[in-house]
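Residue indices begin at 1 and follow the sequence shown.
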Amino acid sequence: MAMEPSVAAVGGDKSSNMAVGVLYHTTLMSSGRVGWRLVDQMLVTKARFTSYIQAKPVDEFIKAEAALDEYGLAILENHRGTGKETDAIRLLSATSPVSTSVVDIYELLPDWEGAPSTRDFPLSSDTRLLLDLSDVTEEIPEAFADELMAYARNLRELDSQIVVTVTDKAWQRCRPKLGGHTATIPRRRASSVIRAHLTFHDHREALGLLEQDAVRAFVAELDGGRTSPDYAVKVADRLRLVRTAADVDRTIGELRKWRPYIDQQLDSRKPDWADRRMLLIAAAVLNGCPSTAVAAASRALAMALGHESVPLFKALESEGWSRRLREIEATVADDCTWIDRDKPGVDYAIFEWLWNEHPELRRPVLKWTQELVTDPKTKKHARRVIGVIAHVAGECRSVDLLEALYAQLKSPRAEAYRGLVEEAVEGLLFHPAAAALTQERLWRWAYRGDRGAFPSLALLCGGRLVLQRHLACLRW
């Protein structure tokens, strides 16, 4: 599979410039115990030889380049969505001894059954390798650091190099041994990413929008928060679609996604608001569902987050319930709780905000959503829960949420609603932002060979996806 590459990048020699942005590339080269994927050559050419934003050298990039030059190994760490993959590709292409304008870089696709290991990694001369461990959620064992150093020494003798991208949390046990090889990638300003992305695509009209007061104010809000490059690129792509003055306000309104309301409701500085926050999240995930289900879900979320005092919400039975609903600006109609009656899209925006802004809560929140589709009090609303997960997975291009859907495909407990999960994954296969990522994960899932998921994967790969492409060809 291959897609047109898209990158918001800043290239150049050594640390004279900084890479930023998001990559899309899927060119499968071979498979085996460790699959290989060739990073798009056009993308590497752009990242290496084209500058969009002049920037001063950054110490962490200088450190990574020095480690790669001397040892053939550099590790780039930080949260997902900080642009590590772009940096890794720029780093490997900038330090390449190849004199041509195209650099071959291969991404390793290991399929470990247990702890990470370099045992089956390839050894080839004049090769540039990228290993992305950003999906690893558990701490990587210390023994992997020793293996990685030994593997890098062998690569160095063959004039080859490897860059590893990883989250700081997963890298804690390996960092003491590889501290000299590890660089912490700083978070980029959203304004720089947006401008770089629009420049790359030569959208002068959209660049002009950045000077408008409404757009400038919104971008300043993004710079003031913890906006990821991933979301900044999404903002840039939306600005590319603006055609009229009316489109500007509508686009900014949609992108803002009720941020002031969400910030007010989930304000962590307010003491004794835990019950309120959990009710808001439960009402968002089960928007439009019976109030009794929302109450049960909020109680389950409190337990999932380890709160000692679990809120005893009893829907429709007390003034307290009505008061809590008024506090989060929800309404009840026909015994169902609605949070989006006058705020279209706020239900998805709340879950997306939680996912992006509180990565430390992702695991318990995911476990909570998975239990909602099996709990007798809420399982009747499995379609709604799965739909929320799929929607945010597409908007955030989240590997973790896609993996949560895959866990349902292979789970024996999911038999009753597996068809709903298949529909969700099928929709993501043609999602405008997440299609490439979903198709790539589909290949990885098929490669893993989990028997429980095989019927669903066969249906998606050999049935619906192939049929859709066949019909597209007929229409063409």
Side-chain contact, heavy-atom cut-off 4.5 Å: [X] with [Y]?
X: E85; Y: E107; result: yes
X: T165; Y: I185; result: no
X: T337; Y: S291; result: yes
X: V163; Y: L68; result: yes
X: F144; Y: L133; result: yes
X: L209; Y: V242; result: yes
X: R277; Y: Q265; result: no
X: I281; Y: L279; result: no

Q | Member of T182, T184, N78 meeting the side-chain hydrogen bond (donor to acceptor under 3.5 Å, both in side chains) criterion with W171 | A |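 With W171 as partner, side-chain hydrogen bond (donor to acceptor under 3.5 Å, both in side chains) holds for just one option, T182.
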Looking only at heavy atoms, what is the nearest atom pair of [X] and [Y], with distance?
X: L76; Y: A64; result: CD2-CB, 3.8 Å
X: L409; Y: R418; result: O-NE, 2.9 Å
X: A297; Y: L372; result: CB-CD2, 3.8 Å
X: P141; Y: P116; result: CD-CD, 4.1 Å
X: L428; Y: A390; result: CD2-O, 3.5 Å
X: G394; Y: H431; result: O-CE1, 3.5 Å

Item to check | With sequence neighbours excluded, residues passing ring pair (Phe, Tyr, Trp, His ring centres under 6.0 Å) with Y261 | outcome: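 Partners of Y261 under the ring pair (Phe, Tyr, Trp, His ring centres under 6.0 Å) test: none.
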Self-check item: With H391 via ring pair (Phe, Tyr, Trp, His ring centres under 6.0 Å) - residues at least two apart
Solution: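 Partners of H391 by the ring pair (Phe, Tyr, Trp, His ring centres under 6.0 Å) criterion, ordered by chain and then number, come out as Y348.
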Considering residues at least two apart in sequence or located in another chain, which fulfil the salt bridge (Lys or Arg N to Asp or Glu O under 4.0 Å) criterion with [X]?
X: D146; answer: K177
X: D247; answer: R250
X: E371; answer: none
X: R173; answer: none

With sequence neighbours left out, what residues match [X] under side-chain hydrogen bond (donor to acceptor under 3.5 Å, both in side chains)?
X: W338; result: none
X: R441; result: D135, E403
X: D213; result: R216
X: K343; result: E329

One thing to verify: whether [Y] and [X] come together as a salt bridge, which I'm taking to mean a side-chain N less than 4.0 angstrom from a carboxylate O.
X: R175; Y: E142; value: no
X: E327; Y: R324; value: no
X: D87; Y: R90; value: no

[X] (side chain) donor-acceptor with [Y] (main chain) under 3.5 angstrom:
X: T438; Y: L429; value: no
X: E147; Y: T118; value: yes
X: D132; Y: S134; value: yes
X: R341; Y: T331; value: no

Qualifying ring-ring contact (aromatic ring centres under 6.0 Å, His included) pairs, either residue in residues 399-425, two or more places apart
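The answer is Y406-W445.
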When rounded to the nearest 0.5 Å, the distance separating CD1 of I194 from CZ of R240 is 13.0 Å
One should read off an interatomic distance between T292 OG1 and D335 CG, to the nearest 0.5 angstrom, of 8.0 Å
Residues 377-389 vs salt bridge (charged side-chain N to carboxylate O under 4.0 Å, His left out), sequence neighbours excluded, gives D347-R384, R383-E423
